[in-house]
Novice: 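First, the structure itself, so that you have it in front of you.
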Amino acid sequence: MVKDSEVLEMARYMISENATIRQTADYYGKGKTTIHKWITERLCKLNKELYNQVETLLANNKVESVNRAREFIRR
């Protein structure tokens with residue numbers, strides 16, 4: 001089981017590097033699903049402000065992904 005301090009470190013990494021779940025998983029050598037679960041389920045209990053920042057980042061990443069997909073389809 002990952003320590004709470006590691007979850008906080010991962011969240012700070014995501015924010016400082018504007019990193020996606022995939023990039024964070026690669027950086028820490030963990031699975032995407034694992035990182036996503038830790039961030040969404042544990043971070044909100046540990047640090048609500050940090051959680052809100054990460055959620056905003058994830059929402060922005062999703063919008064960018066959808067926009068890239070739309071551009072690809074248009075071609």
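In what follows, every heavy atom counts, from backbone to side chain, and hydrogens, waters and symmetry copies are set aside.
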Novice: Only counting residues at least two apart or in another chain, list the ones meeting side-chain contact (heavy atoms from CB on, under 4.5 Å) with D26.
Specialist: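 With sequence neighbours excluded, D26 shows a side-chain contact (heavy atoms from CB on, under 4.5 Å) to R22, given in chain and number order.
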
Novice: Is E6 reaching over with its side chain to a backbone N or O of K3, donor-acceptor style, under 3.5 angstrom?
Specialist: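 Confirmed, E6 side chain pairs with K3 backbone.
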
Novice: Applying ring pair (Phe, Tyr, Trp, His ring centres under 6.0 Å), which residue pairs with at least one partner in residues 14-42 are found, sequence neighbours left out?
Specialist: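 As it turns out, the ring pair (Phe, Tyr, Trp, His ring centres under 6.0 Å) pairs with a partner in residues 14-42, which skip direct neighbours, are Y13-Y27, Y13-Y28.
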
Novice: Rounded to the nearest 0.5 Å, how far does CD of Q23 lie from CG of N18?
Specialist: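 The CG atom of N18 sits 8.0 Å away from the CD atom of Q23.
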
Novice: Please check: side-chain N/O of S16 versus main-chain N/O of R12, any donor-acceptor pairing under 3.5 Å?
Specialist: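 Yes.
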
Novice: Test side chain to side chain contact (heavy atoms under 4.5 Å, CB included) on L57 and Q53; report intermediate values, then the result.
Specialist: CA-CA 6 Å; L57 174 65; Q53 291 176 12; over 6 Å; no

Novice: CG of N47 to CG of L8: how many Å apart, nearest 0.5 Å?
Specialist: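 It is 6.0 Å, given to the nearest 0.5 Å.
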
Novice: To the nearest 0.5 Å, how far apart are NZ in K30 and CD1 in I35?
Specialist: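 Rounded to the nearest 0.5 Å, the NZ-CD1 separation comes to 7.5 Å.
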
Novice: Nearest 0.5 Å, what's the SG-CG distance between C44 and L50?
Specialist: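 Rounded to the nearest 0.5 Å, the SG-CG separation comes to 11.5 Å.
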
Novice: Would you please test V2 and R42 for side chain to side chain contact (heavy atoms under 4.5 Å, CB included) and show each step?
Specialist: CA-CA 10 Å; V2 70; R42 293 183 59 190; 2.9 Å; yes

Novice: If every non-hydrogen atom of A19 is compared with every non-hydrogen atom of N61, which pair is closest and at what distance?
Specialist: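 Smallest heavy-atom distance, with atoms named: O-ND2, 3.7 Å.
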
Novice: From I39 CD1 over to Y51 OH, what is the distance, rounded to the nearest 0.5 angstrom?
Specialist: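 Nearest 0.5 Å value for the CD1-OH distance: 10.0 Å.
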
Novice: Quick test of your reading: applying salt bridge (charged side-chain N to carboxylate O under 4.0 Å, His left out), list the pairs with at least one residue in residues 49-75, sequence neighbours left out, ordered by first then second residue.
Specialist: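 Passing the test, one end in residues 49-75: E71-R74.
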
Novice: Out of curiosity, M14 CE to L43 CG, how far, rounded to the nearest 0.5 Å?
Specialist: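 Output value for this atom pair is 9.5 Å.
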
